[in-house]
Amino acid sequence: MNTHLDRLWRLTDMLFLTGLAVALFLGSQVTPLLVIAGVLPIPFLLHALKNRHYHVSIWSLLIPFGLYFGYCLFALFFFTGLETSDPRPVNPSLESYAIAIAMLVVGLVRGLQIRNLALLFQRVMPWLLIACFLVLSYMMFAGIRDACRVRGLAPWPFIPALLFSTLTFICLVGWEKLTGSERWLRVTLMAFSIVISTTYTGSRGVALAQVGVFGVFLILGFLPSLKSRIPSWYHMGLAAGAGLLVSFFIGVMTDCGPASRFSSTFETFQTMASQLTETEEQTAINTVPAPETGEVLATTPPPAEVEVKTDQAASVTKDEAISHRLAMWETSVAAIKESPIFGHGSLYLQKLIHATYGYEHNHNQYLTWLVTGGLIQLTLGLVFLAIPWFISKGLSTADRLVLTIGVSLFWGLAMMFDAFLNLKFYTHYFCLLSGILYALSNSMQDKGSR
């Protein structure tokens, strides 16, 4: 009987990690699997938490989490920024925050109940991601996509891109102890993550975040103290090169290459740079002192004023997704200047963004925090985002950097283009992941785990 229970325990552990991975193309449809493998086993496995030594203080997780959500809940009830008669948005809501807290608890408790979590994660998660990549590849070539963007059952194509890369970066933790074949498997996953973000999903914000993370790893790889402890420059270079090469060939075969979405991004950058240069040149011309002739010609016409376009964003790019973002960012910056410290209220985006542009948020997490809660919420949001650093205390510096760069920095860069923590799925997944990462950190420190 004990043998059967042991096998059942191991099966639920495997299913729980599987749910963590397949959520990248199932989205919230993965909930039944997480309930079966994550929630239901908890009361039957409580004995696994008894007499256990925890290397990381639980407060390193609960304090940043509590500060952020405590303020969110306070603002939701007492500082909405809306009048009583104003319509309320669907998100954020009390239900959304309650689920987020529940997801943290499930990730934390269930993660701690998984035996040898670190070893299981290192051995199983890479192959789960390989399987997920094959599923996404099938969807791509079978035409199961929205135009050129694969999303599966997830509501947005950003989900496969963001989650696949996040889990891939987490798999890099413990690099120093990995065998050669395990390292190359992870290099392959990094290449696949590029294919997913650039070609399968066309997620420009996630792709730019990947560039930032790859760049940071590339720089850190030259530090003598981190040599052989994190992926080296040639690992990152090979992953990037292979990913871009595969993306090119897939684009040729499907007519859905990265150029179809990324060309407009580069054109926008060029246009903005040229406009900035023209503005600086015009300013320089206007500030040139007049010749000291001692007289002013009455017939000299006054300088022509530069025409200010009302739709400045549309003049920068023809890409609607980019132009809408630029317009919303401009509107958000103007609102932030009016109340930079406390913001305008937790639901103010309903009036500022949704009523004008039709979006739930302004597609920039930092501007969202500043608009709704000012510098206070921005600070608490950054502390919440830095949870991987706090909970990895006790690990080697290299592993702490990998975990923080692969999760906090990656999400942080991606959120410059989308307010992920103002959307239910992303918020709930990050909370679930935070609890699991706390358990993973403890598991890695058990007997020097490997």
Within a reach of under 6.0 Å around [atom1] of [X], are more than 12 heavy atoms found that belong to other residues, nucleotides or ligands?
X: Met416; atom1: CE; value: no
X: Arg400; atom1: CZ; value: yes
X: Arg7; atom1: CZ; value: no
X: Phe79; atom1: CZ; value: yes
X: Tyr54; atom1: OH; value: yes
X: Trp127; atom1: CH2; value: no

What I'd like to find out is whether the side chain of [X] reaches to under 4.5 Å of the side chain of [Y], using heavy atoms alone.
X: Arg149; Y: Ser203; answer: yes
X: Met190; Y: Met236; answer: yes
X: Leu20; Y: Tyr429; answer: yes
X: Ser441; Y: Leu437; answer: no
X: Thr356; Y: Leu352; answer: no
X: Phe384; Y: Cys431; answer: yes
X: Thr254; Y: Cys148; answer: no
X: Val206; Y: Phe410; answer: yes

Identify the two heavy atoms, one from [X] and one from [Y], that lie closest to each other, and give their separation to 0.1 Å.
X: Phe16; Y: Gly107; value: CZ-CA, 4.5 Å
X: Gly111; Y: Leu117; value: O-CD2, 3.7 Å
X: Ile391; Y: Ser434; value: CD1-O, 3.8 Å
X: Ala239; Y: Val187; value: CB-O, 3.7 Å
X: Leu76; Y: Leu347; value: CD1-CD2, 4.0 Å
X: Tyr438; Y: Leu61; value: CB-CD2, 4.1 Å

Step-by-step ring-ring contact (aromatic ring centres under 6.0 Å, His included) determination, His4 to Trp9: CA-CA 9 Å; His4 293 305; Trp9 186 354; over 10 Å; no

Checking [X] side chain against [Y] main chain: does a donor-acceptor pair fall under 3.5 Å?
X: His354; Y: Tyr348; answer: no
X: Arg88; Y: Asp86; answer: yes
X: Ser193; Y: Ser165; answer: no
X: Asn362; Y: Met328; answer: no
X: Arg186; Y: Glu182; answer: yes
X: Thr80; Y: Ser346; answer: no
X: Arg204; Y: Phe417; answer: no
X: His235; Y: Ser232; answer: yes
X: Ser93; Y: Ser96; answer: yes
X: Gln113; Y: Ile42; answer: yes

Can you tell me how the ring of [X] sits relative to the ring of [Y], calling it parallel under 30°, perpendicular over 60° and tilted otherwise?
X: Tyr366; Y: Trp369; value: perpendicular
X: His361; Y: His363; value: tilted
X: Trp184; Y: Tyr234; value: tilted

Answer yes if the side chains of [X] and [Y] hold a donor-acceptor pair under 3.5 Å, and no otherwise.
X: Thr198; Y: Ser247; value: yes
X: Trp411; Y: Thr166; value: yes
X: Gln365; Y: Asn422; value: yes

Could you give me the CA-CA distance, side-chain angles and deciding distance for Leu94 and Leu73, then say whether side-chain contact (heavy atoms from CB on, under 4.5 Å) is met? CA-CA 7 Å; Leu94 179 60; Leu73 288 169; 3.9 Å; yes

With ring-ring contact (aromatic ring centres under 6.0 Å, His included) as the test, pick out the partner of Tyr200 among Phe164, Phe133, Phe25, Phe141. Phe133

Quick one: are the ring centres of His324 and Trp329 less than 6.0 Å apart? no

Verify the ring-centre separation between Phe420 and Phe430: is it less than 6.0 angstrom? no

Please round to the nearest 0.5 Å and tell me the distance separating atom [atom1] of [X] and atom [atom2] of [Y].
X: Leu380; Y: Tyr71; atom1: CG; atom2: OH; answer: 7.5 Å
X: Ser396; Y: Lys177; atom1: OG; atom2: NZ; answer: 8.0 Å
X: Thr404; Y: Leu385; atom1: OG1; atom2: CG; answer: 10.0 Å
X: Leu11; Y: Leu5; atom1: CG; atom2: CG; answer: 12.5 Å
X: Leu119; Y: Met444; atom1: CG; atom2: CE; answer: 11.0 Å
X: Leu17; Y: Ile436; atom1: CG; atom2: CD1; answer: 7.0 Å

Which is it for Phe158 and Tyr426 under the ring-ring contact (aromatic ring centres under 6.0 Å, His included) test, yes or no, and what are the steps along the way? CA-CA 10 Å; Phe158 308 109; Tyr426 299 99; 7.6 Å; no

Are [X] and [Y] within salt-bridge range, i.e. N to O under 4.0 Å?
X: Arg325; Y: Asp418; answer: yes
X: Arg229; Y: Asp399; answer: no
X: Arg115; Y: Asp6; answer: yes

Evaluate Phe425 against Ile159 for side-chain contact (heavy atoms from CB on, under 4.5 Å), listing each step before the verdict. CA-CA 9 Å; Phe425 177 84; Ile159 291 178; 3.5 Å; yes

Pair Val173, Gln122 - check side-chain contact (heavy atoms from CB on, under 4.5 Å), show working. CA-CA 9 Å; Val173 176; Gln122 288 177 345; 5.9 Å; no

Apply side-chain contact (heavy atoms from CB on, under 4.5 Å) to Leu136 and Met140, showing your working. CA-CA 6 Å; Leu136 294 175; Met140 183 68 178; over 6 Å; no

Scan Thr12, Leu432, Leu34 and name whichever one has a side-chain contact (heavy atoms from CB on, under 4.5 Å) with Arg110.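 Of Thr12, Leu432, Leu34, side-chain contact (heavy atoms from CB on, under 4.5 Å) with Arg110 is met by Thr12 alone.
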
